[in-house]
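Report on one structure; see the data block that follows.
These numbers come from a predicted model, not from an experiment. We count ligands from 1, going down the list as the structure has it; atoms in each ligand are counted the same way.
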Amino acid sequence: MFKSIKFKIWLSIASLLVFIIALMYILQIMSFPAYYEYMKTAEIRKAVDTIEENWYQDNIKEVVSDLAKEKKFYVQIVFTALPSLSFTTNEIGKVSTDTLSKAILQLKGDILTSQEGYIMRALESKEINQKALLYGTVIAKGTDDEAFIFIYNYIQPMGTTTKILESQFFVVTSFIILLSIAISVFISMHISKPIIGINKAAKQLPQGKFNVKIPKGEYLEISELAKTLESAAKEIEKSDIIRKELLSNISHDLRTPLTMIKAYAEMIRDLSGNNPEKREKHLAVIIDETNRLSSLVNDILDLSRLESGSEHFDPTIIDFSKELAEILKRFEILTNNYDFEIEIEENLFIYADKVKIGQVIYNLINNSITYTGQDKKIFVRLYSESGYARFEAQDTGEGIPKEDLPFIWERYYKVQKNGDTHKMGKVGTGLGLSIVKNVLELHHFRYGVKSAVGKGSLFWFEAPIAQLKENSFATEDN
Ligand code: ADP
């Protein structure tokens, strides 16, 4: 609960709110008296500026009295040379003029000795227990017109004002708190709702329901999360389908030869055991099927090791020409039945894993033999071309329809044909080209197939020719 997005969002908003309220309280309520005093001082200074500006005007007396009335100031102007011209505007009311006169008298002496030429003093009036500001300055100092300006002004008692402010503050704060609780609950629910929805949908994936609709919501990040999940679900679905297909393919491929082996073994036991000719024939079928089983199991193992990346990859510089000639020797028993045309350029060295590349060459030649046409022709070529050693295995068979071409490299893919055209009477596992593809991609070699229906296919790959240093050449030769 405390770790939920809902709670965290709510908590962040609430903390922000508390912070703002505290800040407002400090600024507004606590600093209010100081701020008020500052404003008052500024007001008095401004009034003095106005008086000084109008000092030589004829209506100076009027200006002063208007100002005093407007601002509720007590202003006293005292001329040094002509005391009779001095005047006061008395808006002061409450405080005794006596107290004031004394204060003013004292201030006068201080002004003349002060450096700034003016003094601002806070007075505490005992009779009414009230604070006031007394300001005094001298104007036209040292001339015949020299005069003192005194301004006296109450500072309003802050108690009531502060109380009013405080109660207002309380009302506003309560309102804001309620509003923000509502807003934060709304926002947090709005944000967490699609996430909860996504989670609910995602929980269905492990149950195999891959086509669940994942809710997107209106937030960019959340809808991206939903999209990612959706595409992940699609991928899982795909690999789930592949896994199921693979399983059924493998079990099918295992069952067929097993059924054959069992049937022929039973036949030998029950019927042909004493007939050497028939028995030999039946045993040959059993051996054939066993071979098929073991090559199927080997292919599956190879492929799964390659695909999982656990296969050991050990590239060295190898003599491709020599390697190819070696592999072709394995097909020698077929030379009576098949017409091999072989062109091998000598001394082509490449950097590759010897065993794996051998497997690729073997699979490609094997396919050409398996799928070649009536003329039983097979072409095997190795030659250099612009820095690459190019290998080709070509046959004259039925070729591969265009629409099948992109898929032949996938495991278990077999081109659908009318009737079995497998010349060697052997049904392929559908894994050979998949192994070829995996090995070539592991080496980063280019590869491909050219095929025309009715004319045959040409499978090829290209490996960069390795630049040999003297000693590595020697190592390879030894
Ligand atoms: P398989 O064991 O069935 O030969 P592969 O993975 O080697 O499996 O090949 C996949 C499919 O591609 C084959 O079933 C076949 O239909 C097609 N194919 C492969 N090589 C050739 C070829 N040389 N000529 C025609 N079709 C081919």
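- Taking a cutoff of 4.0 Å between a charged side-chain nitrogen and a carboxylate oxygen, Asp49 and Lys46 do not qualify as a salt bridge.
- Here Phe169 and Tyr25 bring their ring centres to under 6.0 angstrom of each other.
- The closest side-chain heavy-atom distance from Ile191 to Tyr219 is below 4.5 Å.
- With hydrogens and angles ignored, the 3.5 Å screen pairs a side-chain donor or acceptor of Glu345 with a backbone N or O of Ser384.
- For the ligand labelled ligand 1, residue Ser457 lies inside the 4.0 Å heavy-atom shell.
- In Trp409, neither the side chain nor the backbone holds a heavy atom less than 4.0 Å from any atom of ligand 1.
- Set against the non-hydrogen atoms of Ile408, the atoms of ligand 1 under 4.0 Å away are 10 (C), 12 (O).
- Of all atoms in ligand 1, numbered sequentially from 1 with element shown, those under 4.0 Å from a heavy atom of Leu431 are 6 (O), 8 (O).
- For Asp395, every heavy-atom contact with ligand 1 shorter than 4.0 Å involves the side chain, none the backbone.
- Taking a cutoff of 4.0 Å between a charged side-chain nitrogen and a carboxylate oxygen, Glu230 and Lys227 do not qualify as a salt bridge.
- Contacts between Ile400 and ligand 1, counted as non-hydrogen atom pairs separated by less than 4.0 Å, involve the side chain only.
- In this structure, Tyr351 and Pro315 approach most closely via the heavy-atom pair OH-O, 3.6 Å.
- Residue Leu433 places at least one N or O, backbone or side chain, under 3.5 Å from an N or O of ligand 1.
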